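The structure under discussion appears below in the form of structure tokens.
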Protein chains: 2
Amino acid sequence: MRILQVGAGGVGSAAAAIFSRRSFFDHVVVADYSMERASAAAALDDRFSATRIDASSAEAVTALCREHGITHVFNAVDPRFVMPIFDGALAAGADYLDMAMSLSKPHPDEPYARTGVRLGDEQFAAAEKWARAGRLALLGIGVEPGLSDVFARYAADELFGEIDEIGVRDGANLVVDGYDFAPSFSIWTTIEECLNPPVIWEEGRGWYTTEPFSEPEVFDFPDGIGPVECVNVEHEEVLLIPRWVKAKRVTFKYGLGAEFIDVLRTLHKLGLDSTRPVRVGGVEVAPRDVVAACLPDPAGLGDRMSGKTCAGTWVKGTGKDGRPREVYLYHVVDNAWSMREFGAQAVVWQTAVNPVVALELLARGTWSGTGVLGPEAFAPRPFLDLLNEYGAPWGLRESPIV
Amino acid sequence: MRILQVGAGGVGSAAAAIFSRRSFFDHVVVADYSMERASAAAALDDRFSATRIDASSAEAVTALCREHGITHVFNAVDPRFVMPIFDGALAAGADYLDMAMSLSKPHPDEPYARTGVRLGDEQFAAAEKWARAGRLALLGIGVEPGLSDVFARYAADELFGEIDEIGVRDGANLVVDGYDFAPSFSIWTTIEECLNPPVIWEEGRGWYTTEPFSEPEVFDFPDGIGPVECVNVEHEEVLLIPRWVKAKRVTFKYGLGAEFIDVLRTLHKLGLDSTRPVRVGGVEVAPRDVVAACLPDPAGLGDRMSGKTCAGTWVKGTGKDGRPREVYLYHVVDNAWSMREFGAQAVVWQTAVNPVVALELLARGTWSGTGVLGPEAFAPRPFLDLLNEYGAPWGLRESPIV
């Protein structure tokens with residue numbers, strides 16, 4: 001297996017650190033817009049090499065694949081670049097993995113009621129092409145989407161007879177010393193997720209949208225994180241899970257907390273979330289890029305960060321025995337652990353470990369397939385078992401049914 | 001009198017509309033960085049001409065003064081450009097007026113306790129040079145500072161025996177249709193005012209600073225505006241009034257309202273208030289300029305705006321008769337009136353009218369002086385009488401003393 005990893009930012013660097021502990025692959029070409037970042041990540045292991053890439057060019061992706069005999073393209077850049085990397089991989093005859101899907105566009109007339117272009121729509125539109133070419137595009141195989149989708153399939157296969165709701169719930173108690181405000185994940189992606197109309201799936205109704213930050217709910221996260229206020233957010237799981245797993249309702253709620261919600265609302269009110277360039281003096285810039293440039297790089301905050309992050313899937317329904325059942329399948333990473341073991345902060349490490357596990361299953365042939373597939377299209381148990389081997393085990397919390 | 005007006009933005013355009021109704025001057029050269037804006041403002045009257053200027057260049061100001069035989073330079077751009085325009089006017093042997101003073105720099109160690117470089121310090125440092133040249137620099141002659149300072153001097157001269165506190169209070173009930181958030185005045189200047197440490201003057205202690213948004217207080221504004229929450233803000237009056245008017249305490253509070261305070265706090269938390277350029281992709285921009293570029297130009301919002309704005313000076317102390325006295329001297333402009341009469345929204349019109357009144361008093365010889373002076377260095381009554389002639393009369397509210 002010869003991997004082209006596109007992106008050596010936070011998640012990409014953490015992935016390199018994880019790859020370097022495993023033996024299932026032959027070579028990883030680490031490519032980034034910044035040669036400095038690519039070289040730094042590639043310095044970890046002599047099975048890595050570094051190169052520069054413009055990820056907005058499908059041709060550049062194809063050319064790099066051909067030059068290096070790439071079998072698998074692993075997309076680790078922000079979701080703006082999904083389509084060129086996805087198209088470039090297919091043109092080169094390589095398989096493809098990403099951790100976020102092609103972007104959505106709100107419905108022009110009823111953005112808070114109906115879906116417009118949905119997350120992943122552009123990619124699923126190419127499903128037949130991928131299938132005909134005998135190639136696999138595995139979409140959304142980070143932690144959320146990714147592990148959360150594997151949990152959903154596992155619940156359906158092994159824990160439930162009938163599922164009423166699958167609700168992905170993400171929360172943390174991370175704090176960053178020395179900053180008034182320092183998000184622990186890409187602000188660009190967070191704005192995209194949180195300010196787009198949240199999408200919900202319901203049996204009989206299909207996908208529909210609501211206003212941002214809708215249906216606030218306090219969810220009690222495990223392992224000492226405790227209760228965090230969560231709100232609906234647009235996320236890939238809601239688009240992926242219903243394609244392969246039967247459930248009456250699928251939601252995603254993010255434990256943003258009141259301060260973060262206020263910041264996002266204010267950015268939106270001022271138009272600073274916009275990706276459309278504005279003219280400032282003699283130059284043009286997208287306001288959202290300026291916001292990102294003003295904040296510290298979350299990948300570099302690990303040393304100042306403390307606490308834990310939790311990703312998981314809350315499933316309610318009827319157990320195999322026909323009785324009501326409610327479980328939360330989850331994965332917690334302690335920042336102190338991921339910094340010590342991998343030099344990566346908790347959130348980026350938790351995202352990065354899953355595509356590496358998936359690549360190892362593909363290398364072994366345990367997972368295989370063609371076309372455009374989500375993580376829930378594959379057998380969940382081998383994934384969950386292999387994840388435990390990587391050092392950060394998953395958990396299951398069974399709720400008492402009264 | 002031959003005037004060089006530097007700036008044809010909101011206030012500059014309103015000033016041009018006001019000039020065009022008066023006969024005291026010979027010519028106004030309207031200069032702006034944008035020739036389009038300068039030409040639009042100059043088109044109002046055949047005693048106006050338009051030209052382009054780079055207001056950051058003192059040499060450019062001097063050259064324009066010489067080219068057009070300028071006697072008075074009227075600075076109507078944002079306070080970043082005070083020093084080059086001020087210096088350029090002196091070099092050309094012209095008198096000078098502005099509506100905001102040279103910028104402050106917080107104290108490096110104790111920003112929320114001691115003043116560093118104060119508003120106007122750079123200009124007052126040149127006072128002897130101006131006096132020796134026999135030229136006048138009249139600082140801060142907009143509405144606040146400006147009319148508010150005239151009110152302070154009027155209270156000291158005619159209403160009070162002894163003054164305990166002079167508190168400038170600014171509030172409005174303006175709303176802008178069709179925008180989530182649309183400040184009615186330059187956001188660049190508002191950020192500068194509101195996020196710098198507020199300055200207070202006290203007898204015996206002198207000038208000192210506090211944390212932003214300190215000492216919140218609800219002030220009841222006249223003419224139907226009603227109660228608005230006000231907080232301490234850095235403003236020129238606090239630096240000007242104690243130089244010429246005896247009072248035990250001088251403050252400035254701005255009726256920002258909770259939403260605006262939250263927006264400013266968030267901008268600060270994210271570093272988006274900064275004027276230091278950040279690198280974004282291939283370009284460098286100051287985040288505060290991006291914020292300004294994302295918001296609608298307040299000068300163009302008059303048609304969508306409704307309500308009134310109030311500027312005024314609240315004076316507490318002992319009347320001429322030795323009894324306790326408390327008055328609020330104020331000026332209210334109704335947006336519907338200023339739009340109908342001058343095509344200018346209320347806040348910019350209210351700012352622009354005062355330097356035109358001052359120039360008329362200087363043209364008549366009613367006001368005269370040399371050196372660097374504030375509005376309170378001049379006789380207040382002629383100013384207040386002439387202001388009434390311009391169509392927007394001032395008022396006095398006497399508080400009952402219990």
Side-chain angles (χ1 to χ4, degrees), chain A residues 32-34 36 54-56 77-78 80-81 176 178-183 186-188 190-191 194-195 211-212 256-298, chain B residues 32-34 36 54-56 77-78 80-81 176 178-183 186-188 190-191 194-195 211-212 256-298:
Chain A
D32 197 279
Y33 190 77
S34 152
E36 196 185 329
D54 173 2
S56 69
V77 292
D78 78 50
R80 274 175 288 188
F81 304 105
V176 180
Y179 286 95
D180 281 348
F181 184 74
S186 157
I187 189 75
W188 199 101
T190 307
I191 290 173
C194 295
L195 293 179
E211 292 211 37
L256 288 170
E259 185 191 17
F260 208 113
I261 291 173
D262 181 60
V263 164
L264 293 169
R265 281 190 201 275
T266 302
L267 290 174
H268 181 60
K269 192 156 63 178
L270 273 63
L272 291 166
D273 58 320
S274 173
T275 57
R276 211 173 51 207
V278 293
R279 176 152 286 273
V280 181
V283 303
E284 296 218 328
V285 286
R288 193 191 294 181
D289 293 339
V290 177
V291 173
C294 286
L295 292 171
D297 178 356
Chain B
D32 197 280
Y33 191 77
S34 151
E36 196 185 330
D54 173 1
S56 70
V77 291
D78 79 52
R80 273 176 288 188
F81 303 105
V176 181
Y179 285 96
D180 280 348
F181 184 75
S186 156
I187 189 75
W188 199 100
T190 307
I191 291 173
C194 296
L195 294 179
E211 292 210 36
L256 288 169
E259 184 191 17
F260 208 114
I261 291 173
D262 181 61
V263 164
L264 293 169
R265 280 190 201 276
T266 302
L267 290 174
H268 180 61
K269 191 157 64 179
L270 273 62
L272 292 167
D273 59 321
S274 174
T275 57
R276 213 174 50 210
V278 293
R279 177 152 286 276
V280 182
V283 302
E284 295 219 329
V285 285
R288 193 191 295 182
D289 293 339
V290 177
V291 173
C294 287
L295 292 171
D297 179 356

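Nothing here was measured: the structure is a model prediction, and the numbers come from that model. Labels below follow one simple rule: chain letters A, B, ... track the order of the sequence lines, proteins then strands, and each chain is numbered from 1.
Under the side-chain hydrogen bond (donor to acceptor under 3.5 Å, both in side chains) criterion, A:Thr275 pairs with no residue, sequence neighbours left out.
In terms of heavy-atom proximity, B:Cys294 sits nearest to A:Gly271 at SG-O, 3.9 Å. Between A:Val285 and B:Val283, the shortest heavy-atom distance links the atoms CG1-CG2, 3.3 Å.
In this structure, the separation between CG on A:Leu272 and CG on B:Leu272 is 6.0 Å, given to the nearest 0.5 Å. Rounded to the nearest 0.5 Å, atoms OG1 (A:Thr266) and CG (B:Leu264) are 10.0 Å apart.
Heavy atoms of other residues, nucleotides or ligands lying less than 6.0 angstrom from CZ of B:Arg279 number more than 12. No more than 12 heavy-atom neighbours from other residues, nucleotides or ligands sit within 6.0 angstrom of CD on B:Glu36. A 6.0 Å sphere centred on CZ of B:Phe181 holds more than 12 heavy atoms belonging to other residues, nucleotides or ligands. Dense packing is recorded around CZ of B:Phe260, with more than 12 heavy atoms of other residues, nucleotides or ligands lying under 6.0 Å away.
Ranked by heavy-atom pairs under 4.5 Å with chain B, the first of A:Leu267, A:Val290, A:Val278, A:Asp289 is A:Val290. For the options B:Leu270, B:Leu295, B:Val291, B:Val280, heavy-atom pairs under 4.5 Å to chain A are most numerous at B:Leu270.
Neither the backbone nor the side chain of B:Ile187 comes within less than 4.5 Å of any heavy atom in chain A. Neither the backbone nor the side chain of B:Arg265 comes within less than 4.5 Å of any heavy atom of chain A. Residue A:Val263 touches chain B through both its backbone and its side chain, counting heavy-atom pairs closer than 4.5 Å.
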